[in-house]
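Sequence lines set the chain letters: A, B, ... in the order given, protein chains first and strands last, and positions in each chain run from 1. Model, not experiment: these values are computed from the prediction.
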There are 2 protein chains.
Amino acid sequence: MSSNATEERVLAAVGERRELVNEAIDEEVPMAEPQRLYEATRYLLEAGGKRLRPAVALLAAEALADVAPLSTDYREFPALDGRRSDAPASQSEGSASDDEGTVDVMRAAVGLEVIQSFTLIHDDIMDDDDLRRGVPAVHEAYDTETAILAGDTLYSKAFELMTDTGAKPERGLEATRLLATTCTRICEGQALDVSFEHRDDILPDEYLEMIEYKTAVLYGAAASTPAVLMGADREVVDALYQYGIDAGCAFQIQDDVLDLTVPSEELGKQRGSDLVEEKETLITLHARQHDVDIAGLVDTESIDEVTETDIDAAVAELETVGSIEYAREMAEDLVEQSKERLTVLPDNEARGLLEDIADYLITRGY
Amino acid sequence: MSSNATEERVLAAVGERRELVNEAIDEEVPMAEPQRLYEATRYLLEAGGKRLRPAVALLAAEALADVAPLSTDYREFPALDGRRSDAPASQSEGSASDDEGTVDVMRAAVGLEVIQSFTLIHDDIMDDDDLRRGVPAVHEAYDTETAILAGDTLYSKAFELMTDTGAKPERGLEATRLLATTCTRICEGQALDVSFEHRDDILPDEYLEMIEYKTAVLYGAAASTPAVLMGADREVVDALYQYGIDAGCAFQIQDDVLDLTVPSEELGKQRGSDLVEEKETLITLHARQHDVDIAGLVDTESIDEVTETDIDAAVAELETVGSIEYAREMAEDLVEQSKERLTVLPDNEARGLLEDIADYLITRGY
């Protein structure tokens, strides 16, 4: 199948779910008092976003339940032990909903997007990034105090959502614990990323750990949380988690490749900006191990002064030692591995779309 | 009983538990990689603190279980349905510990202290406070980026702890949900507090809502979380929550009274500093409703220029309209009410200490 057809299928599948996710965000994170705080919490959520993580979660639920995509109400999604009512009556005590064996997977999906939004708000403060999704970052649109507090509010909202999916309590508790460990990992990943700025001896394995923590674990949580809530076997939960880890890492590595290989006009920013800004990537780490003088690859210090010729020369040098190919192959291997993980799922359309998403993460142009 | 004897009992009871809480903090929030991040997360926890909230939680557990104070291992605390083993074997599936009807109430208590620590770190950034517990605030000792991230890490750590107490899943899930809603409330309270700086028409009820959200809900969670985890009746859970709310509000109101009534040398800061800094308190809100010109109460703008005579005159005017008495009486009423809530508990020594703590919150000198 051509990568074009794959991309079309992915964009359609994500787009159809995005509408539903956006409606659910409005319901689950409504305006409230104090007004300014809740405006700030909703600001970035309303600014858009592909909703890729919620889409992965919803598709994982559909694949697990072996239902036709979009055929089932995400708010009352059948658990894998369904309405067999194999639980004693006392077990539903303390549950938020009538225990009919259904799970609000949409609420869980929104919780994951809310966590993504919280991390973006705090990251933008830490990285001093002024723009996000084409609009001023929350700390610019409001102020740093409000942005810290908006992130903190989204953080607890996500846990409110994850503890209230109607899943059986032991499953809800496990999904909530997964969310907590995921958030801890994301913080560790961000701290590692910051610490790398002061080092020139980072090993590829350290870099891979950083992107796994900072980016991929939330994809892992998105893919596996429905399995936890719906009562899938441990083997299935673990496989879906690893699908998200592999695909998420591939996504991040491919970002580094695209920065060097896609024309500036398609990228929407200067090609090779990572090199100019001396950002460490898997490519530069590989090249340094092959005795390339990374600091000397591009002489200009400013993104405004660099020429396409400068970048071409740098790319040629990186290609000579095989650094770009190294990263590209690693991303491809990770995608193949991620798709392999999905063989624990029933062979259905939703599983096919999860495979397509993994492909799309590295075949996308930018 | 004299307030002196009460204070001695409270300080002894809190102090005995503080040692155990500090040991547990070391176990539950250990050093890890990345080093700088985890140093920052532990920095404020290691700087001390009374550990009043964990002490309240541990005493609530002791009162509920009707055991002699300090006689029972907090790590394996008996649930109220104890080792009757009335749960089917399948119910313990997915639980972190062998279900013997015990609860790690210490882990939950540490989780609550960890949340307190996270809020202090982020509040100090927002309020630009440079000192905390006698040492530089985390954003001063490290930097703002690390402080934001350290707070975020403690946030998820607390949820990791609360989802892993060994309590029955439905109880663990409910306690975790309580923690999430508590954190949302704390954020709302901080946002209200910030918004009050720009207003001069705050009503006493709005002020009370602010301190309930910002301060008291965490005492409510501390008092009631053990009841949730140990399987107490809803009535008992609610009563303990309200004990914490009432006592926490009294504590905050008493702070405002002490600022005006305790000599500067005992306070450790200038008496009347709230008036000089034009901080809104229940006292100023009451006085404004009785046509006192609050902005004109103390003429000096700087804390260094104000004299005891200035403060004496301001206090005299506030006393004329009954504002200080109004606040003092409200704090006293709240403490009486909070102690009344405890009548749902067995009449034992731990309950007596919880009553003493409520008294201590308003009889303390500073």
Side-chain angles (χ1 to χ4, degrees), chain A residues 32-38 40-41 86-88 90-96 118-119 122 125-128 144-146 148-153 155-164 168-174 176-177 179-188 190-192 194-195 228, chain B residues 32-38 40-41 86-88 90-96 118-119 122 125-128 144-146 148-153 155-164 168-174 176-188 190-192 194-195:
Chain A
E33 297 286 337
Q35 203 176 345
R36 187 177 157 85
L37 174 65
Y38 278 95
T41 63
D86 56 358
S90 71
Q91 203 163 1
S92 70
E93 193 195 328
S95 168
F118 134 67
T119 63
H122 280 193
I125 303 171
M126 291 183 248
D127 300 340
D128 208 7
T144 300
E145 293 69 29
T146 305
I148 293 173
L149 212 45
D152 290 345
T153 305
Y155 209 154
S156 51
K157 280 280 168 195
F159 281 94
E160 287 186 43
L161 296 172
M162 197 59 84
T163 54
D164 195 23
K168 287 187 181 172
E170 64 271 26
R171 298 172 185 170
L173 193 62
E174 189 185 336
T176 306
R177 192 179 305 139
L179 188 67
T181 54
T182 299
C183 290
T184 302
R185 279 282 180 263
I186 293 171
C187 292
E188 290 170 354
Q190 170 72 2
L192 285 173
V194 170
S195 75
V228 173
Chain B
E33 296 287 334
Q35 203 176 346
R36 187 176 157 87
L37 174 65
Y38 278 95
T41 64
D86 55 357
S90 71
Q91 202 164 3
S92 69
E93 194 193 327
S95 168
F118 133 66
T119 64
H122 281 192
I125 303 171
M126 291 185 247
D127 300 342
D128 208 8
T144 300
E145 292 68 31
T146 304
I148 292 174
L149 213 45
D152 290 345
T153 305
Y155 209 153
S156 52
K157 280 280 167 196
F159 282 93
E160 286 187 43
L161 296 172
M162 197 59 85
T163 54
D164 196 23
K168 288 188 181 171
E170 64 270 26
R171 297 172 186 171
L173 193 61
E174 189 184 337
T176 305
R177 192 178 303 140
L178 173 62
L179 188 66
T181 53
T182 299
C183 291
T184 302
R185 280 280 181 265
I186 292 172
C187 292
E188 291 170 353
Q190 170 72 2
L192 285 173
V194 170
S195 74

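Ring geometry for H122(B) versus H122(A): interplanar angle over 60°, hence perpendicular rather than tilted (30 to 60°).
The candidate with the highest count of non-hydrogen atom pairs below 4.5 Å against chain A, out of A32(B), P34(B), G172(B), is P34(B). Of all the listed residues (T153(A), I125(A), T146(A)), the one sharing the greatest number of non-hydrogen pairs under 4.5 Å with chain B is T153(A).
Neither the backbone nor the side chain of S195(B) has a heavy atom closer than 4.5 Å to any heavy atom of chain A.
Closest non-hydrogen pair, C187(B) versus L37(A), comes out as O-CD2, 4.0 Å.
With values rounded to the nearest 0.5 angstrom, R177(A) atom CZ is found 5.0 Å from D164(B) atom CG. Here the straight-line distance linking atom OG1 of T176(A) with atom CE of M162(B) works out to 12.5 Å at 0.5 Å rounding. Residue I186(B) holds its CD1 atom at 11.0 Å from CG of L149(A), rounded to the nearest 0.5 Å. Going from atom CG of L192(B) over to atom CZ of R36(A) covers 13.5 Å, rounded to the nearest 0.5 Å. Once rounded to the nearest 0.5 Å, the distance linking CZ of F159(B) with SG of C183(A) reads 9.5 Å. Interatomic distance, T144(B) OG1 to I148(A) CD1, rounded to the nearest 0.5 Å: 7.5 Å.
Contact check for D152(A) versus D152(B): side-chain heavy atoms found under the 4.5 Å cut-off.
Evaluation of the salt bridge (Lys or Arg N to Asp or Glu O under 4.0 Å) rule for E145(B) yields no partner, not counting sequence neighbours.
Residue S156(B) forms a side chain to side chain donor-acceptor pair (under 3.5 Å) with just one option from T184(A), T182(A), T181(A), and that option is T184(A).
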